[in-house]
Every structure is written in structure tokens, then in C-alpha cells.
Amino acid sequence: MKPIKVGLLGIGTVGTGTFHVLQRNQAEIRGRAGRGIEVSMVCRRDLAAARAVVGDSDVVVTADPYAIINNPEIDIVVETIGGCGLARELVLAAIAQGKHVVTANKALLAVHGTEIFEAARAKGVMVAFEAAVAGGIPIIKALREGLSANRIEWIAGIINGTTNFILSEMKAKGLDFDVVLKEAQRLGYAEADPTFDIEGVDAAHKLTIMSAIAFGVPVQFDKAHVEGITALQAADIRYAEQLGYRIKLLGLTRRRENGIELRVHPTLVPANRLIANVEGAMNAVLVQGDAVGTTLYYGKGAGAEPTASAIVADLVDVTRLATADPDHRVPHLAFQPDAMSNTPVLVMDDVITAYYLRLRVADQAGVLSRITTILAEHDISIDGMLQRESADGEKQTDLIILTHETVEGRMNKALGQMQALPTVLAPIVRIRKEDLA
Ligand code: NDP
Ligand code: HSE
């Protein structure tokens with residue numbers, strides 16, 4: 001059988017990794033796919049850089065993405081340009097040309113997934129996106145196929161390597177945020193715009209995709225609650241350690257009676273959980289299914305070849321299924337289109353979670369009792385407490401309170417009242433806490 005022909009839109013970090021893995025492992029890949037998978041065209045504006053990757057092979061190099069999309073010889077288009085503007089146009093144009101698409105672009109799918117999947121379904125082509133979530137970890141395959149017997153209850157993941165790398169290096173080496181971010185960029189983990197990483201947006205893109213697959217709902221990035229790590233203070237990382245917790249940027253999506261939670265924020269996790277010990281740029285995703293229980297997926301979530309591993313696996317899948325009846329392929333979001341649900345995404349006020357609170361208070365009699373009274377009045381139960389004298393020798397102290405689970409709206413009201421007390425001297429720090437048991 002003649003090889004399937006691939007065009008790479010973008011040959012930067014991920015595109016280059018894909019090119020190299022396909023070349024290096026071509027015999028194994030052919031054996032698995034049933035036919036060869038060959039890159040015949042690559043595209044980027046810097047033609048010299050593209051030529052440096054393809055070397056003296058007969059791969060055609062172009063700066064015009066439409067030269068690939070309009071080429072009838074190309075069967076599969078791999079999109080690794082990134083972003084939501086040009087990438088959206090190109091992916092839709094490739095689909096319109098009847099080409100299958102493989103993409104690593106989580107931003108594109110989290111925001112425009114519904115439009116793209118619908119266009120692909122109408123045209124009978126596949127859009128594969130394993131690389132879009134957790135890089136080399138085959139989490140899409142696990143959720144969509146391996147766990148298809150289960151009613152998924154929740155997913156919790158460290159799904160941004162850059163922020164996990166930053167948190168780990170800051171904790172272990174006492175390095176400054178900016179220094180570690182630069183290193184993450186040098187290593188190719190960070191997005192073109194690193195604010196997407198550090199503000200939690202990239203993790204929310206990935207979480208949105210996983211949530212849609214797990215619960216059979218449309219991708220709804222605009223409903224996700226997104227908080228990054230830029231406001232995290234070293235004092236809280238330290239206090240969390242003293243209390244037996246680590247702080248991780250977690251993406252959490254959970255089925256509740258009244259809807260689905262979809263949230264990314266720094267989270268205290270018990271230090272003895274495996275996921276709390278995931279360090280550096282590694283990713284890990286916990287999935288709780290009713291039949292299987294808790295499962296954990298761990299590996300490299302970014303970088304040229306780990307991400308290429310996922311892209312090439314998609315290329316193999318698409319090659320195997322290219323001639324299958326489109327109705328017999330795995331649906332993009334795991335559920336058949338007529339079995340999708342309209343379960344709402346919950347607003348943060350309705351989310352249920354536990355909390356770490358740090359209050360800078362005047363060191364006076366009665367202060368603690370006023371605070372605990374407010375919590376009790378809102379039916380918020382205290383799980384643990386720590387008091388630390390302030391280092392500056394003033395009559396102030398840090399009061400750290402761990403609570404049991406409560407509804408966020410209730411906690412917000414309590415926080416408002418506590419913040420208004422004259423003895424609370426600085427903005428209260430609130431970090432959510434999950435036991436992930
Ligand atoms: P890079 O910036 O390294 O690569 C992007 C490529 O697209 C470059 O070759 C660039 O070349 C090309 N490109 C950009 N604009 C155009 C254009 N107008 N016309 C033609 N080519 C263009 O990004 P990455 O490889 O890191 O990321 C690509 C995608 O993969 C993103 O969606 C990212 O989120 C995703 N991803 C990245 C991971 C990683 O570890 N890096 C991991 C998982 C997913 P030139 O500027 O010369 O045109
Ligand atoms: N910027 C992303 C990260 C790349 O740091 O995890 C992988 O999606």
C-alpha cells in the first residue's frame with residue numbers, strides 16, 4: 001500500500017520533534033499503521049529554519065500553508081502553528097478539502113472545538129488531538145476509549161509543565177519566579193505567550209477538553225474558572241509544607257448533582273498523595289471512574305519529542321481508520337453526537353471545596369474567637385489551625401486555618417465579614433484544598 005502523505009503546518013518545537021520521530025521510527029510505525037507515514041511538505045515562514053530541519057531529504061518546504069492544504073497528494077495535515085486565528089482558518093480549510101487533521105493546539109480546540117468537530121463530522125474526516133492535553137501522556141485515549149465503561153466522577157491534573165517546573169524549582173532551589181520562567185522558555189515548555197502558562201489559561205484549555213470527553217458536554221472554555229500562580233506567596237508554600245500539604249496548580253473537573261465543576265487554581269494537596277510529588281515539568285492526571293476507581297497517568301507534558309509521541313500516535317490511528325466508515329470511528333468527544341449532554345458548568349459560588357486561609361491579624365485577645373465565630377455562623381467547619389508570630393517583631397501574627405469542605409459562595413460571605421474586622425490587617429489569602437481521596 002502506498003504511504004500516507006502528511007503535511008506539517010508549523011515546524012517549530014513540536015513540528016520538528018514530529019519530523020524526527022517519524023523519520024527515526026519509520027519501520028515500527030509502518031508495522032503498526034499498516035502502511036508508511038511520510039512527511040512530504042512542511043511549512044513555516046522562516047524557510048531557512050525549515051530547511052535546516054528537513055536537511056537534504058526531498059520534503060518540500062513552503063511558507064504558504066495553503067500550498068499544503070490545497071495539495072491533493074496530502075492526506076493528513078498536522079497543525080502545530082498554535083493560536084486561534086490562523087490555525088482555526090487553516091484547520092477549517094483542511095477539513096473543507098477533505099483532509100484529516102492532527103493538532104497539538106489545545107487553545108484552538110477549547111475555544112473553537114464545537115465548530116471544528118462539527119465541520120469534521122459533516123465532511124467525514126477525523127480531527128485527532130492527543131498532543132493537545134498533557135503532551136506525551138495518552139490521556140485522551142485513556143478517557144475516550146480505555147475508560148469508556150465508566151461513569152467518570154472527577155479528573156484532577158497537573159497539566160501545565162511550565163508552572164509545575166516553576167513551583168518545583170522555586171521550592172527546591174529558592175530561585176526567583178522570573179529566573180525559572182526563563183529556563184522553562186529555554187527548554188521549550190512555555191507557550192509562545194507565557195502568560196497563558198502562569199495565569200492558568202493553558203491548563204484551563206486542557207481541562208476543558210478533558211471535561212468535555214469525560215462528561216459528554218460541549219467544550220466550554222468560557223465557563224472555566226481560571227487562576228494562575230502569579231499571586232502565590234512563598235510564605236504559603238512554606239506554611240502548606242508545615243501542615244503536610246504541597247501547593248500545585250491543579251485543573252479540576254467534577255460531576256456534582258447540579259452540574260459540572262470546571263476550575264484551575266493553586267491547590268493544597270496532601271503531601272503523601274502521589275500527585276503531590278510530581279515535580280519539574282512532569283504532568284500527572286488522576287481520573288476517578290465508578291468502576292475502575294482512581295487511576296493515575298504520569299509523564300512528560302511538554303517538549304519536542306514527548307509531544308511528537310502523541311502526534312505520531314494520532315497519525316497511526318488516523319492512518320488505520322482512514323478507510324473506515326466515519327460512523328464507526330471513535331467520536332471526537334467520546335460520546336456520539338446525539339448522546340451529548342447539556343449538563344451546566346457550575347459557577348464558582350456553587351463549587352464545593354475545602355480551604356486554606358491565611359490571615360494577618362493583630363496579636364490581641366479575642367481575635368481568634370471573632371474569626372471562628374464568623375466561620376461557625378456560615379456553617380464552615382475548621383479542620384486545623386496554625387499560628388505563627390510575624391518575623392518583623394510587631395504585634396501581629398499569621399493565623400492559618402484549614403477548613404472542611406463547604407460551598408464557595410458561603411466561604412465568600414465569611415471572607416467578606418472576616419476581612420472587614422479591624423483586627424484583620426492585610427488581604428486574606430485563600431487557597432483551595434483538595435484531598436483527592
Ligand atoms: P513553535 O513556536 O515552536 O512553532 C510554531 C511553528 O509555526 C513555527 O515553525 C513557526 O515558524 C510556524 N508558524 C507560525 N506562524 C506561521 C504562519 N503564519 N505561517 C506559517 N508558519 C507559521 O510552537 P510549538 O511547537 O511549541 O507549539 C505548537 C503548538 O503545539 C501550539 O499549539 C502549542 O500549544 C502546542 N503544544 C506545544 C507543546 C510544547 O511542548 N512546545 C506541547 C503540547 C502542545 P515561523 O515563525 O518561521 O513561521
Ligand atoms: N506550555 C505547556 C506546558 C506546553 O508548559 O505544559 C504543553 O502543553
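Basis for what follows: all heavy atoms, side chains included, without hydrogens, waters or symmetry-related copies. When a ligand or atom number is given, it counts from 1 through the structure's own listing order.
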Inset, instruction - State whether a side-chain donor-acceptor pair under 3.5 Å links Thr62 with Asp64. - result: no

Inset, instruction - Verify the ring-centre separation between Tyr245 and Tyr356: is it less than 6.0 angstrom? - result: no

Legend entry - Ligand-residue contact atoms, ligand 2 with Lys206, heavy atoms, under 4.0 Å: 2 (C), 3 (C), 6 (O), 7 (C), 8 (O)

Legend entry - Per-atom contacts, ligand 2 versus Ala302 - under 4.0 Å to a heavy atom: 4 (C), 7 (C)

Legend entry - Contact partition for Asn160 relative to ligand 2, non-hydrogen atoms under 4.0 Å: both

Inset, instruction - Before signing off on this row, confirm whether Gly161 and ligand 2 have an N or O atom pair separated by under 3.5 Å. - result: yes

Inset, instruction - Report the member of Ile159, Thr162, Asn105 with the shortest heavy-atom distance to atom 5 (O) of ligand 2. - result: Thr162

Inset, instruction - Among all protein heavy atoms, pick the one closest to atom 8 (O) of ligand 2 and tell me residue, atom and distance. - result: Lys106 NZ, 2.5 Å

Legend entry - Pair Lys106-Asp202, salt bridge (Lys or Arg N to Asp or Glu O under 4.0 Å): steps then yes or no: CA-CA 8 Å; Lys106 53 265 171 168; Asp202 176 72; 3.3 Å; yes

Legend entry - Full working for salt bridge (Lys or Arg N to Asp or Glu O under 4.0 Å) between Glu115 and Arg88: CA-CA 10 Å; Glu115 177 190 23; Arg88 174 180 160 274; 2.9 Å; yes

Inset, instruction - Using modelled atom types only, decide if a donor and an acceptor are shared between the side chain of Asn164 and the backbone of Ile159 within a distance under 3.5 Å. - result: no

Inset, instruction - Just let me know how Asn283 lines up against ligand 2, side chain, backbone, both or neither, with a heavy-atom cut-off below 4.0 Å. - result: neither

Legend entry - Distance filter under 4.0 Å to Tyr189 heavy atoms, resulting ligand 2 atoms: 1 (N), 2 (C), 3 (C), 4 (C), 5 (O)

Inset, instruction - Do me a favour and list the nearest non-hydrogen protein atom to atom 7 (C) of ligand 2 with residue, atom name and distance? - result: Gly301 O, 3.2 Å

Legend entry - Stacked cation flag Arg144 on Phe129, 6.0 angstrom / 45 deg: yes

Inset, instruction - For the residue pair Leu9 and Val78, establish whether any side-chain heavy-atom pair is separated by less than 4.5 Å. - result: no

Legend entry - Test item, Gly135 contacting ligand 2 (heavy atom, 4.0 angstrom): no

Legend entry - Residue contacts for ligand 1, heavy atom to ligand atom, distance under 4.0 Å: Gly10, Ile11, Gly12, Thr13, Val14, Cys43, Arg44, Arg45, Asp46, Thr80, Ile81, Gly82, Leu86, Ala104, Asn105, Lys106, Ala131, Gly188, Glu191, Ala302, Gly303, Thr307

Inset, instruction - Answer whether the closest heavy-atom distance between the side chains of Val101 and Val125 falls below 4.5 Å. - result: no

Inset, instruction - May I ask you to check whether over 12 heavy atoms, not counting those of Lys433, lie within 6.0 Å of atom NZ? - result: yes

Inset, instruction - Look at atom CG of Asn342 and say whether more than 12 heavy atoms of other residues, nucleotides or ligands are closer to it than 6.0 Å. - result: no

Legend entry - Gln242 atom CD: more than 12 heavy-atom contacts under 6.0 Å: yes

Inset, instruction - Provide the number and element of each atom of ligand 2 under 4.0 Å from a heavy atom of Asp197. - result: 1 (N), 2 (C), 3 (C), 5 (O)

